[in-house]
Student: 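Handing you a structure now.
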Amino acid sequence: EVQLVESGGGLVQAGGSLRLSCAASGFSVDDYTIGWYRQPPRKVREGVSCLSPRDGIPNYADSVKGRSTMSTDNAKNTVYLQMNSLKPEDTGIYFCGATKNTDYSGSYYLDYYGMDYWGKGTLVTVSS
């Protein structure tokens, strides 16, 4: 059974940092395209960072570029999103998604919501 379980969210002051984790089971993260997405309050879900085996290079939304780093630990089958210099507008539920589609580089999947699997999300709240 495929599962994605996010963790690491919480309440943090602006300027702080968080590391989100996405523990995968039932498949290998290095064989799938993995993405981090977020849903701010009263807004639609948006792509934050995606990594495709097509090129192996993490891609980031402009809103988090320079402040975030996506990485994988294949031994733990876990994907991470390190977020620094957090802003109140980073507040939202952060989801991890995975798809067998690896046809494109990671940037394509920032606007792609047809992931095969989704986690339940972890809440990030950044106070001003």
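The first residue of the sequence shown is numbered 1, and numbering continues consecutively from there.
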Student: What is the minimum heavy-atom distance between Cys96 and Ile34, and which atoms define it?
Tutor: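 So the minimum-distance heavy-atom pair works out to SG-CG2, 4.1 Å.
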Student: Tell me the closest heavy-atom pair linking Gly35 and Cys50, and the distance in Å.
Tutor: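 Closest approach of Gly35 to Cys50: CA-SG, 3.8 Å.
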Student: If we ignore hydrogens and angles and just use 3.5 Å, is the side chain of Ser52 paired with the main-chain N or O of Tyr104 as donor and acceptor?
Tutor: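 Flag set: sc Ser52 to bb Tyr104 pair under 3.5 Å.
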Student: Check Asp90 against Ser85 and note the closest heavy-atom contact, atom names and distance.
Tutor: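 So the minimum-distance heavy-atom pair works out to OD2-O, 4.4 Å.
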Student: Looking at Ile57, is its backbone amide N or carbonyl O close enough to the side chain of Asn59 to form a donor-acceptor pair, meaning the two atoms are under 3.5 Å apart?
Tutor: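 Checking the backbone N and O of Ile57 against the side chain of Asn59, a donor-acceptor pair under 3.5 Å is found.
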Student: Using only atom types and a distance under 3.5 Å, with no angle test, would you say the side chain of Asn84 pairs donor to acceptor with the backbone of Gly16?
Tutor: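 Checked: no pair found.
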Student: Say whether, by atom type as modelled, one donor and one acceptor occur between the side chain of Glu6 and the main chain of Lys120 under 3.5 angstrom.
Tutor: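 Looks like yes, one N/O pair under 3.5 Å.
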Student: As an exercise, state the distance from OG of Ser128 to CD of Gln13, rounded to the nearest 0.5 Å.
Tutor: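 So the OG of Ser128 and the CD of Gln13 are separated by 9.5 Å.
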Student: Go through Val79 and Met70 one step at a time and tell me if the side chain to side chain contact (heavy atoms under 4.5 Å, CB included) criterion holds.
Tutor: CA-CA 7 Å; Val79 180; Met70 182 177 180; 3.6 Å; yes
Student: When rounded to the nearest 0.5 angstrom, what distance separates CG in Leu86 from CD in Glu89?
Tutor: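 One gets 10.0 Å once the value is rounded to the nearest 0.5 Å.
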Student: With a 6.0 Å cut-off on ring centres, are Phe95 and Tyr37 close enough?
Tutor: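 They do not qualify: ring centres at least 6.0 Å apart.
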Student: What are the two closest non-hydrogen atoms of Ser68 and Leu81, and how far apart are they?
Tutor: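 Answer, listing the atom of Ser68 first, then Leu81: CB-CD1, 4.2 Å.
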Student: To the nearest 0.5 Å, what is the distance between OG1 (Thr33) and CG (Asp103)?
Tutor: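 Going from OG1 on Thr33 over to CG on Asp103, the span is 8.0 Å.
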Student: Looking at every heavy atom in both Val29 and Ala24, which two are closest together, and how far apart are they?
Tutor: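 Nearest pair, atom of Val29 first, then Ala24: CG1-CB, 3.5 Å.
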Student: Honestly curious: do Tyr94 and Leu110 fall in one hydrophobic cluster under the side-chain, below-4.5 Å linking rule?
Tutor: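 In one cluster: no.
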Student: Are Val12 and Tyr80 connected in the hydrophobic side-chain network, where two residues link if heavy atoms are under 4.5 Å apart?
Tutor: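 Not linked; separate clusters.
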Student: Does Thr102 reach the main-chain N or O of Tyr32 with its side chain, forming a donor-acceptor pair under 3.5 Å?
Tutor: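 Side chain of Thr102 to backbone of Tyr32, a donor-acceptor pair under 3.5 Å: no, none is there.
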Student: To the nearest 0.5 angstrom, please state how far the CG atom of Leu11 sits from the OG1 atom of Thr125.
Tutor: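 Here the interatomic distance stands at 6.0 Å.
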Student: What I'd like to find out is whether the side chain of Leu18 reaches to under 4.5 Å of the side chain of Val124, using heavy atoms alone.
Tutor: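 They are in side-chain contact.
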Student: Specify the closest pair of heavy atoms between Tyr60 and Pro58, including all atoms of both residues, with the distance to one decimal.
Tutor: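 Shortest heavy-atom separation between Tyr60 and Pro58 comes out as OH-CB, 3.4 Å.
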Student: Does the side chain to side chain contact (heavy atoms under 4.5 Å, CB included) test come out yes or no for Ser17 and Gln82, once each step is laid out?
Tutor: CA-CA 7 Å; Ser17 299; Gln82 175 71 42; 3.8 Å; yes
Student: When hydrophobic residues are tied together by side-chain contacts of less than 4.5 Å, even through go-betweens, does Leu51 share a cluster with Phe27?
Tutor: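 Shared cluster, yes.
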Student: If we count only N and O atoms by modelled type, under 3.5 Å, do the side chains of Asp116 and Thr99 hold a donor and an acceptor together?
Tutor: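 Short answer, yes.
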Student: Assess the side chains of Thr122 and Arg38: does a donor N or O sit below 3.5 Å from an acceptor N or O?
Tutor: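 Judged by distance alone, the side chains do not pair up.
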Student: Examine Met115 and Trp36 and state if one hydrophobic cluster contains both, with Ile, Leu, Val, Met, Phe, Trp and Tyr joined whenever side-chain heavy atoms are less than 4.5 Å apart.
Tutor: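 In one cluster: no.
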Student: With a 6.0 Å cut-off (strictly less than), is the heavy-atom count around CZ of Arg67, excluding the residue itself, greater than 12?
Tutor: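 Counting neighbours around CZ of Arg67, more than 12 heavy atoms of other residues, nucleotides or ligands fall under 6.0 Å, so yes.
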Student: When rounded to the nearest 0.5 angstrom, what is the spacing between OH in Tyr117 and OG in Ser25?
Tutor: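 Here the rounded value is 11.0 Å.
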Student: Can any side-chain N or O of Thr78 pair as donor or acceptor with the backbone N or O of Lys76 at less than 3.5 Å?
Tutor: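 Such a contact is found between Thr78 side chain and Lys76 backbone.
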Student: Mind checking whether Leu4 and Ile93 sit in one hydrophobic cluster, side chains of I, L, V, M, F, W, Y counted as touching below 4.5 Å?
Tutor: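 The answer is no; the residues belong to distinct hydrophobic clusters.
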Student: For the residue pair Tyr109 / Asn101, report whether a side-chain donor-acceptor contact shorter than 3.5 Å exists.
Tutor: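 Note: Asn101 and Tyr109 side chains meet the donor-acceptor criterion.
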